[in-house]
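Comments concern the structure below.
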Amino acid sequence: MGWAGSTEGRASGYAEGGGRMPELPEVEIMSRNLARWTVGRRLQQLDLRDEALDSGGVVAWSSQAEGATVRRVWRRGKYTVLEPDGGLPSLVLHFRMTGKVVAAEPSTRSSARLVIRLSPVQGRPNCVVFDDSRRLGNAWAQPTHSLDRWFEVSRKLGPEPWPGVQDTAFWAQQLGRIRSPIKVALMRQDRVAGLGNIAASEILWRAGVSPTLRACALSAEQWAAVARAVPAFIDDTIERESGDEIAYVNSRGGSARGVSSPFFVYRCAGRPCPRCGEPIARFKQSGRSTFWCASCQAG
DNA sequence: TAACTTGTTTAAAC
DNA sequence: TGTTTAAACAAGTT
């Protein structure tokens, strides 16, 4: 089910090393970074430079929350939550394709949409920026006490797949009755929150399960393989990408072509499968590129 | 230049 | 009716 060019490898036009997107592991890293930079410090000045970032309540919040201290920062699915103390609403961020939080002066960023100045502390950054070159990200201000319900009801998020190893029964329960292909099912945020297009291909390759198999047709052994592959992928990705700034689309993982893609199959069409050497193939499912090894993922 | 990249929402199809 | 797929959307890269 490929198309012309799907086995052409480096001639495919994809940039080597690019293509990381903010999925669960990247959002986890950014949430940890934001916690490290802000928890326990006062929000001295909030500068919403792009009101289009506001998907609800952020304009008001940015004046309301000034002076408050950050209590904690946490992740839910692909969202990051900055929670002030004093019963104030929380700031919820979604990064879409190119959004990221960085510790930097806004003058060094061409697309700073929100600038958070913190009470100065020796040895810690005084400014945090929501940087988003394509301006597709979103932000909301939501009452802190009802965030769990908001994520469930308004954002329609299913349970978290990580941390804590979810067992075979969890995956069979959440996805086992979906008739669409397992690759598509893995991306359904209302069933399991946080897995995107990259994760879906990578997890199925690790599990040795075909992306075309209907979710409702997976065997117990295949669900067990998925259950093992998910934390393996997430842990590996967090370990590999941890750092002060997530490298997204514009980055080149290595300067030379062909240098270490961070993924085993994603955007690796035409290259040999790291496990068996057969060429990785690419095709579309529900409008999204799927990458897989037909030899390793026969089941 | 047109096509492609993403997650989410909405509309249409099954 | 419920489930699934496709299209549209944002904007930047190739």
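Quick note on labels: first sequence line is chain A, next is B, and so on, each numbered from 1.
- Distance A:Arg282 CZ to B:dA3 C1': 11 Å, rounded to the nearest Å.
- Whole-Å rounding puts the A:Phe95 CZ to B:dG7 C1' distance at 14 Å.
- Contact of A:Arg188 with B:dT8 (side chain to base): no donor-acceptor pair of N or O atoms is detected under 3.5 Å.
- Between C:dT4 and A:Arg179, a contact under 4.0 Å exists linking OP1 or OP2 to a side-chain N or O.
- Regarding A:Asp190, its CG atom lies at a distance of 15 Å from the P atom of C:dG2, rounded to whole Å.
- Across the protein-nucleic acid pair, A:Tyr79 atom OH and B:dG7 atom C1' stand 9 Å apart, rounded to whole Å.
- For A:Gln189 and B:dG7, the CD to P distance is 8 Å, given to the nearest whole Å.
- C:dT1 makes up no base pair with any nucleotide shown, lacking Watson-Crick or G-U wobble contacts both under 3.5 Å.
- Along DNA chain C, the nucleotide nearest to A:Arg288 and the one nearest to A:Ile178 differ in position, and the one closer to the 5' end is contacted by A:Ile178.
- Of the side-chain N and O atoms in A:Ser133, none sit less than 4.0 angstrom from OP1 or OP2 of C:dA11.
- In terms of phosphate contacts, A:Tyr266 brings no side-chain nitrogen or oxygen within less than 4.0 Å of OP1 or OP2 of B:dT5.
- Between A:Glu23 atom CD and B:dT5 atom P the separation is 15 Å, expressed in whole Å.
- Residues A:Leu93 and A:Phe95 have side chains in contact (heavy-atom distance under 4.5 Å, counting atoms from C-beta outward).
- OP1 or OP2 of B:dT9 has at least one side-chain nitrogen or oxygen of A:Arg155 nearer than 4.0 Å.
- One interatomic measurement links the two molecules: CD of A:Gln285 to C1' of C:dT5, which rounds to 12 Å at whole-angstrom precision.
- Looking at heavy-atom distances under 4.0 Å, A:Arg214 makes no contact with the nucleic acid at all.
- Using modelled atom types and a 3.5 Å distance limit, the side chains of A:Ser111 and A:Asp132 yield no donor-acceptor pair.
- What separates CZ of A:Arg177 from C1' of C:dT1 is a distance of 17 Å, to the nearest Å.
- In this structure, A:Leu186 and A:Leu204 have side chains that are in contact, with non-hydrogen atoms separated by less than 4.5 Å.
- Under the side chain to side chain donor-acceptor pair (under 3.5 Å) criterion, the residue pairs touching residues 193-205 of chain A are A:Lys183-A:Asn197, with sequence neighbours excluded.
- Of the candidates B:dG7, B:dT8, C:dT5, C:dT5 carries the atom nearest the A:Ser180 side chain, counting heavy atoms from C-beta on.
- Between the side chains of A:Asp54 and A:Trp140, no donor-acceptor pair of N or O atoms lies under 3.5 Å.
- For B:dT8, one of the phosphate oxygens OP1 or OP2 lies less than 4.0 angstrom from a side-chain nitrogen or oxygen of A:His94.
- Atom CZ of A:Arg124 is surrounded by more than 12 heavy atoms from other residues, nucleotides or ligands within 6.0 Å.
- Residue A:Leu136 places its side chain closer to C:dA10 than to any other of C:dT5, C:dA10, B:dT8.
- When each of C:dA11, C:dT5, B:dT8 is scored by its nearest atom to the side-chain atoms of A:Ser286, the top-ranked nucleotide is C:dT5.
- Applying the 4.0 Å criterion to OP1 and OP2 of B:dG7, one finds that A:Lys156 has every side-chain N and O outside that range.
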